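Only one structure is covered here, and it is reproduced in the block below.
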Amino acid sequence: MGEKIRAGKELAIMSKKLATIIINVPTEFHEENFRIKEMNREALKEVFLELEFKALGKRLLGEEITPTTDDRPQATENTQMDLFGNVVAPQKNKGTNKPAGSSQVLSSGEDLGEVSGEVIAAEKNITNTPHNYIVAQTTEQISAIISILQSVVAISFDTETTSIDANNAELVGLSFCITPGEGWYVPCPPEREKTIAILNQFKPLFEKPGITWIGQNIKYDMLVLKWYGIELKGDIFDTLLAHYVIEPEGKRNMDALSAKYLGYQPVSITELIGKKGKTQGTMRDVELEVIKDYAVEDADVTLQLKNVFLPQLKEKEVEKVFYEVENPLVKVLTDMECEGIKIDEAFLKEYSQLLETDAKKSEESVYEQAGLRFNLASPKQLGEVLFEKMQLDPKAKKTKTGQYATGEDVLAKLAKEHKICDDILAFRELTKLKNTYVDALPLLVNAKTGRVHTSYAQAIAVTGRLSSVTPNLQNIPIRTERGREIRKAFIPRDENHILVSADYSQIELRIVAAISGDVNMVEAFRTGTDIHTATAAKVFGVEAADVTKEMRYKAKSVNFGIIYGQGAFGLAENLRIPRSEAKEIIDNYKKQFPGIQKYMDDTINFCIENGYVQTLMGRKRWLRDITSANFTVRGYAERNAINSPIQGAAADMIKLAMIKIHKAFKQYNFKSKMLLQVHDELVFDARKDEVEQIKPVILQSMKTAMVLPNEVPVEAEIGVGANWLEAH
DNA sequence: CCGCCCACGC
DNA sequence: GACGTACGTGGGCGGA
């Protein structure tokens with residue numbers, strides 16, 4: 001990950017979570033760097049040839065990675081650790097690498113230690129650890145390492161680039177590692193044609209089937225290569241994703257993983273290019289011998305991490321979700337991110353002005369009613385105006401920092417008596433739309449493609465969902481009239497294409513029905529009745545035909561509350577009804593759907609016994625707080641225990657569908673492209689002449705991706721349109 | 001620079 | 001009486 005340099009622009013827009021991935025620890029350089037630097041080319045070649053010989057010798061001795069027909073790397077890979085016995089000492093894990101079932105995995109405290117930085121001071125680093133990192137620069141040198149790499153079935157691989165944004169990154173170098181402690185660095189010059197010439201030399205290797213490419217967040221490297229016309233055709237093993245399924249809540253940046261699992265502190269990227277921020281330099285300017293150590297070390301660490309994670313995948317019983325879901329999804333996401341989606345910039349520009357005008361009107365109206373001007377965008381100032389100067393509510397609540405709470409729910413309650421609140425809410429909505437979407441999206445249009453390329457984070461959300469950044473295309477407005485308009489700006493690539501959107505219908509509730517087996521809920525889905533109406537009929541004791549809008553609305557709210565583990569208080573707040581009425585509704589619900597209550601009890605008990613909950617695909621979430629004596633802490637864990645298998649199973653299902661669709665599109669040679677995933681929805685840029693062919697493929701793939709227990713049917717709907725709003 | 005408040009999605 | 005709905009990303013403010 002270290003190669004993903006922060007350029008000033010990206011810095012501002014990257015999420016805080018991703019920012020933590022770039023944390024680095026200072027280190028020193030070993031004198032060996034300088035020894036190699038002094039060497040002339042001939043001497044270098046000698047070293048290189050010697051290494052080649054050793055590697056080949058190793059291969060001839062049969063100690064290398066064993067070829068396999070299974071796409072899962074074999075355990076024998078782990079046996080190659082000490083080819084250079086004196087070179088590569090066995091790794092110590094400082095007791096952090098414990099097997100499944102140890103109480104350690106249940107502890108979240110260890111990770112807090114890492115965040116605060118006082119970690120696990122890894123005692124090993126490049127200065128005290130023997131290594132053999134070699135630069136391969138000439139055509140002959142590159143040929144030689146390629147012939148070595150051609151002979152193995154697993155290669156740890158990393159790219160160095162000029163940007164953290166793969167879609168704008170220039171390749172600076174490639175590193176390869178097949179044995180812990182040694183590897184090669186291939187520098188790539190700034191001239192694109194020269195780099196392409198180098199890549200062309202590697203092309204047969206990259207396209208060779210049967211190789212497993214090991215990488216840490218290899219989607220990034222695959223994307224970079226894709227922009228140079230190179231596609232990895234073999235299998236992949238992403239250590240980031242391995243760790244994600246082994247420990248979904250853990251920190252995953254390479255330095256943290258290396259310290260924790262290898263007891264080794266990698267070379268700091270800040271030593272190379274400075275602290276993140278405006279003054280940060282680029283990898284392009286780092287001296288060859290320096291970048292070489294950093295780069296090969298990354299590939300080296302990645303290889304060693306793979307050797308640690310491989311047995312853990314088995315021990316923790318997360319192989320299925322890793323090999324069948326996360327790992328194969330990488331190529332799908334790479335293609336989607338590379339594709340991007342076109343936006344109508346002229347439309348947004350015009351809409352921005354309209355929003356600005358309307359926001360101004362609301363703002364002026366607020367100042368007039370308040371009798372003074374202030375910064376309406378400041379919740380602090382607003383709270384003081386509303387609750388001190390204007391005295392709108394003597395019982396005004398404060399936030400934990402002592403400010404007045406001025407959130408949507410607070411203002412909505414006051415809006416009946418105080419018109420000013422409506423104006424404030426309007427101002428908030430309009431400025432939100434303008435600042436977060438309408439004005440921000442055009443800034444992220446890629447200069448080369450004229451499209452916006454979101455980046456999907458595959459190892460962030462603890463439940464197994466994807467997240468989307470720069471831009472986040474998973475939270476484009478739809479709820480309000482003026483918000484919805486923004487979806488009109490997402491358009492097909494040209495007049496020969498049209499947008500297609502397919503989404504699962506009530507997928508999380510279907511999963512609740514399926515895994516709880518509640519007969520009434522299962523029955524509702526089997527007969528295909530509207531689930532909220534069916535729920536209302538049961539809860540309010542009427543015939544389905546007699547369910548009113550009001551009843552359905554309330555039932556819908558209850559259904560959502562069930563998924564999130566909501567109580568009477570929350571439901572009452574949500575529906576703005578007395579708590580007694582909310583309690584009555586929930587009691588009735590539990591009576592009518594006894595299987596749901598049982599599911600919740602069983603799930604919590606399972607979690608108490610095993611320390612984790614899991615999805616149908618075996619995706620796990622460890623919740624040590626489930627036995628906490630603290631009511632609040634335990635309650636939080638219990639809600640997560642109930643929600644995670646539901647949200648996680650839905651995430652598993654759509655990921656499987658994406659893999660299936662991606663494969664089918666390739667098989668049928670469709671030119672249409674999958675572009676976006678929004679948790680239960682997939683968006684496609686469809687060639688008009690393919691629309692009728694792809695529709696059944698998409699729907700069928702989504703419906704059959706994961707069979708639900710208890711014969712609960714899975715339904716999906718599909719729409720077509722000139723923009724995202726029309727297609728949805 | 002970072003925590004907080006707020007608001008958008010599923 | 002406290003506590004109170006899962007998972008995310010991101011803009012602007014304001015204090016350090």
Side-chain angles (χ1 to χ4, degrees), chain A residues 11-20 248 275-278 374-383 398-411 424-425 427-437 439-441 444 454-457 460-480 482-484 486-487 503-504 506-508 557-574 579 582 621 630-648 650-651 654 676-681:
Chain A
L11 172 67
I13 46 188
M14 287 299 291
S15 75
K16 282 162 195 163
K17 275 203 172 164
L18 282 178
T20 64
K275 282 201 170 118
K276 58 184 181 179
K278 285 188 169 70
F374 59 100
N375 186 353
L376 185 48
S378 161
K380 188 173 185 286
Q381 295 180 33
L382 175 64
K398 293 193 173 181
T399 66
K400 58 184 168 185
T401 54
Q403 280 189 32
Y404 290 103
T406 67
E408 204 259 347
D409 51 336
V410 174
L411 297 183
I424 297 164
L425 290 170
F427 173 83
R428 287 247 177 95
E429 185 196 353
L430 296 167
T431 52
K432 168 76 177 179
L433 296 178
K434 181 172 185 292
N435 294 336
T436 308
Y437 305 104
D439 290 350
L441 277 171
L444 293 170
T454 187
S455 177
Y456 289 103
I460 295 286
V462 286
T463 52
R465 274 189 175 183
L466 297 176
S467 71
S468 158
V469 291
T470 58
N472 181 353
L473 296 183
Q474 291 182 323
N475 74 344
I476 302 301
I478 193 164
R479 219 181 72 250
T480 67
R482 283 186 283 200
R484 207 157 33 233
I486 294 167
R487 297 203 168 213
D503 66 312
Y504 281 114
Q506 302 295 350
I507 191 58
E508 292 197 346
S557 189
V558 181
N559 276 331
F560 274 101
I562 294 303
I563 293 172
Y564 302 143
Q566 185 188 48
F569 181 93
L571 183 66
E573 193 72 9
N574 202 357
R579 211 192 301 186
R621 180 168 183 190
N630 183 310
F631 174 87
T632 308
V633 172
R634 189 177 68 249
Y636 183 69
E638 287 172 355
R639 288 194 296 279
N640 282 326
I642 291 165
N643 172 262
S644 296
I646 302 167
Q647 193 178 110
I654 195 165
L676 307 178
Q677 189 253 42
V678 191
H679 308 307
D680 66 353
E681 175 189 8

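The structure presented is a predicted model; accordingly, all values stated were derived computationally and were not measured. Note on naming: letters A, B, ... go to the chains in the order of the sequence lines (proteins, then strands), and numbering restarts at 1 for each one. Just so you know, these numbers use all the heavy atoms, side chains as well, and skip hydrogens, waters and symmetry mates.
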Could you give the distance separating [M] and [N] at their [atom1] atoms, to the nearest angstrom?
| N | M | atom1 | value |
| --- | --- | --- | --- |
| dC8(B) | dA2(C) | P | 30 Å |
| dC10(B) | dG4(C) | P | 26 Å |
| dA6(C) | dG3(B) | C1' | 23 Å |

Of all the choices, [options], which nucleotide is nearest to the side chain of [X] once you look at every atom?
| X | options | result |
| --- | --- | --- |
| Thr401(A) | dC3(C), dC5(B), dC7(C) | dC5(B) |
| Val678(A) | dT9(C), dC8(B), dC10(B) | dC10(B) |
| Ala377(A) | dG10(C), dG4(C), dG12(C) | dG12(C) |

OP1 or OP2 of [N] versus the side-chain N and O atoms of [X]: is any pair under 4.0 Å?
| X | N | result |
| --- | --- | --- |
| Arg428(A) | dA7(B) | yes |
| Arg465(A) | dC10(B) | no |
| Gln381(A) | dG14(C) | yes |
| Asn475(A) | dA7(B) | no |
| Ser644(A) | dA6(C) | no |
| Tyr636(A) | dC7(C) | yes |
| Lys434(A) | dG11(C) | no |
| Asn640(A) | dC7(C) | yes |

Whole-Å distance between [N] [atom2] and [X] [atom1]?
| X | N | atom1 | atom2 | answer |
| --- | --- | --- | --- | --- |
| His679(A) | dC8(B) | NE2 | P | 16 Å |
| Gln647(A) | dC10(B) | CD | C1' | 8 Å |
| Asn472(A) | dG9(B) | CG | C1' | 7 Å |
| Phe569(A) | dG4(C) | CZ | P | 8 Å |

>> If you define the side chain from C-beta out and look only at heavy atoms, does anything of Glu429(A) sit under 4.5 Å from Leu425(A)?
In response: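 When only atoms from C-beta onward are counted, Leu425(A) and Glu429(A) do not touch, as no gap falls below 4.5 Å.
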